[in-house]
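The chains referred to below are lettered A, B, ... by the order of the sequence lines, with proteins before strands, and numbering in each begins at 1. When reading the values below, keep in mind they use all heavy atoms of this one structure, side chains included, and skip hydrogens, waters and symmetry mates.
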Protein chains: 2
Amino acid sequence: MRSDMNDLTIGLGARKARAMRRGDRLKIAEAFSLRDLPLFANIDDETLSTLALEAKVESCEAGVTIFRQGDPIVSIVVVLSGFVKLMRIAPGGDETLIAIRANGETIVEPVMGPDETYGVSAETVGPTTIVKVPAARFARLAKESAALGAAVEQDAKNRIAGLVAEIESLKSQNADLRLANFILSLCPPGEEQCRFRLPYDKRLIAALLGVKQETLSRAFAKLREHGVRTETRDILVESVSRLVAQCEHLGRAMRPPERTGRLTRDNAA
Amino acid sequence: MRSDMNDLTIGLGARKARAMRRGDRLKIAEAFSLRDLPLFANIDDETLSTLALEAKVESCEAGVTIFRQGDPIVSIVVVLSGFVKLMRIAPGGDETLIAIRANGETIVEPVMGPDETYGVSAETVGPTTIVKVPAARFARLAKESAALGAAVEQDAKNRIAGLVAEIESLKSQNADLRLANFILSLCPPGEEQCRFRLPYDKRLIAALLGVKQETLSRAFAKLREHGVRTETRDILVESVSRLVAQCEHLGRAMRPPERTGRLTRDNAA
DNA sequence: CGCCGGGTTGATTTCAGTCAAGCAACGTGG
DNA sequence: CCACGTTGCTTGACTGAAATCAACCCGGCG
């Protein structure tokens, strides 16, 4: 994990655009403006420039541990490019994937109190660039700037919504259905037919969906009969709407015709 | 759902204590101070009394819907006594339980922006009393009072930690193990042998653990052989430490002797 | 009484995990 | 350049866990 310069200028659109066009990862990081990150999109200039002074951009190769579950929180981390996987480590040592963060997503919920520790471990998946802001500075700024505070709150809300959705799918859908929904989430909106490349390897996808890779492979095989062509890592969805329809069928197939009773109307102690 | 008076005095320890001793639910609600709720424990008096003016206490019987997924957020809700179940409703109509809130827990993440909607449905489980604060007022106060803002943030953090733990257990533990951990979470800390009553019926517990009630029943049967006596709704844990040990064994039994490779060190697109 | 609703139990099926083999793509070193 | 090991992915045969279907028990309660 080597640290790069921290030229976090807050408004160099042209320079950034040039870098983006070139597609050079390092250059992108260099020219990236905090303003482009959802978390900082609506922050006042003053707060943002203070933040920029404190922020450090880092480029990591694959498999680098950014922080470990239980470590004291020293930095707020945002992903600029690449992917970071978050996982829980059980006392026994086995890891369960919780989520994968990409693009402009924040990794840890910015926390206030001191003596706080990370609730998960974070590790890069493929080459990745991130921004780190010292947690203490960040907390102080979040207190002072209403806009930043609101952004943090919104971020937490998004994260909660994501986790709730994950719990829902784990509890109520089988492997095939979860995969189908995952594929759909990758399809660019509005296109009936689409072709794209899986963002990360199938082991990771399996872990994300909560199944073994063999099971995932078989799930892909089933989807093949519903218009989803796969070639190792390239996906072709022949008809998005058809796949959506299939999802509903799969869902219906799982639960018997029509349920009469809801989830109980039981009484507590 | 009938609304009671909103006598939210902020410091009547003696009166509250008396009501508590009597154990009368209505009286408790009446005498309850916002100060007793974790969310408001450290708030400045001024903010708290403003809040108290806006807050309404309500007593509900079992099976009452507090709000529905997709409804615009009008109130921040905190549980005073009883239980509230939160669930997601799929388009097809089937419900999946996400969490159960009790004691002094908040139900929804307090949100700022207008036009926000509830991400889950909330319904009482057994007779329950709750406090409602209009969302708009609450948001304004949270902006103005740093202490309240911090409390909200802490609350969100707790909620995230809980959801992450639930995902972890769903992905990495079988039904027996999840039940064992659930039982352990109900045991009062520090006691080697304990006896208590399940907080809600077994259908709900099954939904919480993400299994069918039949499976839960069998899981209880297995635990019976490990020192957990059950009599419909009453539980006797003969030895907490023994149960903890069993959990580790169950965990070890699931995953083969010793894993060499970690979760992959794969590369992204 | 008889009729629930909640809980248990048993028989069977379905889904996903395990074990094991095999294949294609890739990089490395001879 | 090819032999080779590695890594990611797929497939098949089998096992095991949990869902399903169904019967039954038992403690209220009209």
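- Scanning atom types as modelled, one donor and one acceptor separated by under 3.5 angstrom connect the side chain of Arg218(A) and the base of dT18(C).
- The nearest whole Å value for the distance from the CD atom in Glu231(A) to the C1' atom in dG8(D) is 15 Å.
- In this structure, Glu231(B) places its CD atom where only 12 or fewer heavy-atom neighbours from other residues, nucleotides or ligands lie under 6.0 Å away.
- Of the listed nucleotides (dT20(D), dG8(D), dT11(D)), dT20(D) has the atom at the smallest distance from the side chain of Glu214(B).
- Considering only side-chain N and O atoms, Thr215(B) lies nowhere under 4.0 angstrom from the phosphate OP1 or OP2 of dA18(D).
- When distances run from any side-chain atom of Arg233(A) to the nucleotides dA16(C), dC9(D), dA19(D), the shortest one goes to dC9(D).
- The side chain to side chain donor-acceptor pair (under 3.5 Å) test applied to Ser239(A) returns Glu192(A), Ser241(A), not counting sequence neighbours.
- Nearest nucleotide to the side chain of Arg203(A), out of dG8(D), dA16(C), dA19(D): dG8(D).
- Residue Leu198(B) contributes atom CG, which lies 13 Å from atom C1' of dG6(C) at whole-angstrom precision.
- Two residues are said to be in side-chain contact when any heavy atoms from C-beta on lie closer than 4.5 Å; Tyr200(B) and Lys85(B) fail this criterion.
- Between the P atom of dT20(D) and the CG atom of Asn174(A) lies a distance of 11 Å, rounded to the nearest Å.
- For Arg88(B), the salt bridge (charged side-chain N to carboxylate O under 4.0 Å, His left out) test picks out Glu168(A), with sequence neighbours left out.
- One finds a side-chain N or O of Lys202(A) lying less than 4.0 angstrom from the OP1 or OP2 phosphate oxygen of dT10(D).
- Rounded to whole Å, the distance from CZ on Phe220(A) to P on dA16(C) is 15 Å.
- Of the listed nucleotides (dG17(C), dC15(C), dT10(D)), dT10(D) has the atom at the smallest distance from the side chain of Ser217(A).
- Separating the CD atom of Gln213(A) from the P atom of dT7(D) is a distance of 13 Å, rounded to the nearest angstrom.
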Problem set entry | Verdict with reasoning, Gln246(A) to Lys222(A), per side-chain contact (heavy atoms from CB on, under 4.5 Å) | CA-CA 11 Å; Gln246(A) 276 302 334; Lys222(A) 281 196 205 161; over 6 Å; no
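- Nearer the 5' end of DNA chain C, as judged by each residue's closest nucleotide, is the contact made by Arg224(B), out of Arg178(A) and Arg224(B).
- For Leu209(A) and dA16(C), the CG to P distance is 11 Å, given to the nearest whole Å.
- Between the CD atom of Gln173(B) and the P atom of dA17(D) there is a distance of 15 Å, rounded to whole Å.
- The distance from atom CG of Leu179(B) to atom P of dG7(C) is 13 Å, rounded to the nearest whole Å.
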